[in-house]
Each structure stands twice: as C-alpha cells, then as structure tokens.
Amino acid sequence: MMQTQQTSTKQDILQFLLKGDKATALELAESLDISPQAIRRHLKDLEAERLIQYQSVQAGMGRPQHIYELTSLGRDRFPNRYGDFAISFLDTLAETVGREQVISILRKQWQRKAMEYRRVMGTGSLQERVARLVELRRDEGYMAEWYPVEAVDDVSCHTDQGDRFVFMEHNCAISNVAETFPSVCGNELEMFAAVLPDCTVERTHWIIDGEHRCGYLIIARKEVRQRIL
C-alpha cells in the first residue's frame, strides 16, 4: 500500500512539472498538499531515476533555490505520437518527391526559423541574445540552458569575459526526425550560426552520437580573430 502511494505521489510530481514546466520543492509541497520533507525524498528518488533535474537559482541573501523540471526521460513517461506522425509524413513525402527534395525542404524550414529567431532576439548584447535563444528553445520543448565560459588569459588568447558561451539542449524535441533525416542536425547548427552572425558556433556534444545532450560553443568573432593573431 505504501509503495503504491509513493508511486502515485511521484506520478503527481511528474504531472505537475509537465503542466507547469518548473517548480521549487516548496511549491510542489503546497500544490500537492505534501510535507516539504516528504516531497524532497520523492524529488531525490526521481532525480536518481533521471526523470527530473534542477537548476540552482540565487534568491536574495539566502541559500540558492532548486528549480525542478522534467528531463527528456521524464517527458517520455507521458507518451505522444507526434514524432511518429512526423516521420510517417516525411517518409510519404520522400516517396512522392524524392529524399533529396525533402532534405531541401527541411533546410528551407530551418532558414525560416532562423529569420524568426533573429527577429524575436533583437540586437542586444551577445549574452542577452543567447539567453533569449534559450527561452525560445524551451518554449518549443527543448530543455535548454546556457552559461558563460571563463575568460582564458594566456599569450595566445587575450579575451574579455563574456565573449564565449556554452549552449546546451538536454533533449531533442525532433529526435525521431533526426534519426531518420540526420541532415536536420546540420541544419540546426547552421541555424544557430545564422541567428548569431557575429559569432562562430561549434558543436561540442551530439545526442545522435549517443551522448546525453547536444552542446554548442558560441564564440564571439572578435575572440576568434584574437586567437588567430
């Protein structure tokens, strides 16, 4: 009976995070009417199962708050058939117009997406634009995050802090499509380079290669020139 209750509580937590995207332990405890001590035990178990993850956010002068969200594995607990439909549609399209034509269509779709992102991201600082890009990707179902890379100071590279950023996506909202049409991953890399034209964008991690996330290193072009010099 106890095991069943615990399983039900954990499922309630996952459903809450699915609907609300993110929450603190206290918010979960209040919403689900469970003690903070009990909710933290469940959160620890779910984290161990890699169904949830958290980010630490500093709130005032106190201890950092943990903001919990679902991982891709957690989202997979709630099945959908959108990916299957997309693959079936693209396969049918490939049979009709040819695979190369489908790849061309997908490339044009990413180009349109790049134009949309650039319009929404505006012309702020690089950090502001990277942060906005992460927000846009999260709105589309990606578990994205970013953080600055510490400045490197040696004889061959003299940079200002803030010139480089790491952009991570811990899941792939189009993983089914990417497995069948891997060219979309190259299109995605080209898209990030297009929306950040004053930077170079280098892939550092790739889910398709069996890694747990897709990662990109964003380097301001002024730093690239300095590295060459």
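Count residues from 1 along the sequence.
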Rounded to the nearest 0.5 Å, the CG atom of L17 sits from the CD1 atom of I52 at a distance of 6.5 Å
Item checked: Residues E49 and K44 bridged, charged N to O under 4.0 Å -> no
Correct closest heavy-atom pair for L28 and A23 would be CG-CB, 4.0 Å
Rounded to the nearest 0.5 angstrom, the OG-CG distance for S88 and L93 is 11.0 Å
Practice prompt. List the steps and the verdict of side-chain contact (heavy atoms from CB on, under 4.5 Å) for E145 and R138.
Written response: CA-CA 9 Å; E145 64 178 353; R138 286 177 176 174; 4.0 Å; yes
Inset, instruction - Could you give me the CA-CA distance, side-chain angles and deciding distance for E116 and R119, then say whether salt bridge (Lys or Arg N to Asp or Glu O under 4.0 Å) is met? - result: CA-CA 5 Å; E116 177 187 343; R119 178 182 59 81; 5.1 Å; no
Geometric cation-pi criterion, R129 with Y117: 6.0 Å, 45°
no
- For side-chain contact (heavy atoms from CB on, under 4.5 Å), just list the numbers for Y54 and E47, CA-CA rounded to whole Å, side-chain angles, deciding distance to a tenth of an Å, and then say yes or no. CA-CA 9 Å; Y54 68 83; E47 187 182 356; 3.2 Å; yes
| Cut-off 3.5 Å, side chains only: do E69 and Q53 have a donor facing an acceptor? | yes
*Got V130 and Q127 here, is their nearest side-chain heavy-atom distance under 4.5 Å?*
no
For R99 and P182, the nearest pair of non-hydrogen atoms, with its separation, is NH2-CD, 4.4 Å
Under 30°, 30 to 60°, or over 60°: which ring-plane class applies to Y216 and F192, parallel, tilted or perpendicular? perpendicular
| said: Tell me whether R137 forms a cation-pi arrangement with Y142, defined as NZ or CZ under 6.0 Å from the six-membered ring centre and within 45 degrees of its axis. | reply: yes
Quiz item: Less than 4.5 Å apart, any side-chain heavy atom of W110 and any of E188?
Solution: yes
Residues R221 and P197: closest non-hydrogen pair is NE-O, 3.1 Å
**Message:** When you measure from the side chain of S56 to the backbone of Q65, do you find a donor-acceptor pair of N or O atoms at a distance under 3.5 Å?
**Reply:** no
Over 12 non-hydrogen atoms of neighbours within 6.0 angstrom of CZ in R50: no
Do I39 and I67 belong together in a cluster built from hydrophobic side chains that touch within less than 4.5 Å?
no
Quick one: does R164's side chain have a donor or acceptor within less than 3.5 Å of a partner on V149's backbone?
no
side-chain contact (heavy atoms from CB on, under 4.5 Å) between T180 and L90, intermediate numbers included: CA-CA 9 Å; T180 306; L90 290 172; over 6 Å; no
Is it true that atom CG of D33 has more than 12 heavy atoms of other residues, nucleotides or ligands lying nearer than 6.0 Å? no
Worksheet item: Taking side chain as C-beta onward, heavy atoms only, is E30 less than 4.5 Å from P36?
Response: no
(message) With heavy-atom distances below 4.5 Å as the criterion, would you say the side chains of M121 and V195 are in contact?
(response) yes
From CA spacing to verdict: side-chain contact (heavy atoms from CB on, under 4.5 Å), I219, E202 | CA-CA 8 Å; I219 310 174; E202 303 172 1; 3.5 Å; yes
Tell me if the centroids of the rings in F167 and W146 come within less than 6.0 Å of each other.
no
| Same hydrophobic cluster for M115 and I105, using side-chain heavy-atom links shorter than 4.5 Å among ILVMFWY? | no
Correct closest heavy-atom pair for H205 and R203 would be O-CG, 3.5 Å
Q.
With a 4.5 Å cut-off on side-chain heavy-atom distances among I, L, V, M, F, W and Y, is there a chain of contacts connecting F89 to V97?
A. yes
One should read off an interatomic distance between L18 CG and F16 CZ, to the nearest 0.5 angstrom, of 11.5 Å
* Do the side chains of Y68 and V57 join up, straight or via other hydrophobic residues, at under 4.5 Å, putting them in one cluster? -> no
### Query
Just by modelled atom types, is the T92 backbone N or O under 3.5 Å from a matching donor or acceptor in the E95 side chain?
no
Please check: side-chain N/O of T204 versus main-chain N/O of L217, any donor-acceptor pairing under 3.5 Å? no
dist D163:CG -> L126:CG (nearest 0.5 Å) comes out at 8.0 Å
### Message
Looking at G98, is its backbone amide N or carbonyl O close enough to the side chain of Q101 to form a donor-acceptor pair, meaning the two atoms are under 3.5 Å apart?
### Response
no
| Under a 4.5 Å side-chain heavy-atom rule over Ile, Leu, Val, Met, Phe, Trp and Tyr, are V120 and V201 clustered together? | yes
Quiz item: Looking at side-chain heavy atoms only, is the closest gap between F181 and D91 below 4.5 Å?
Solution: yes
One should read off an interatomic distance between L32 CG and H42 NE2, to the nearest 0.5 angstrom, of 9.5 Å
Here the gap from K10 atom NZ to L43 atom CG, rounded to the nearest 0.5 Å, amounts to 10.0 Å
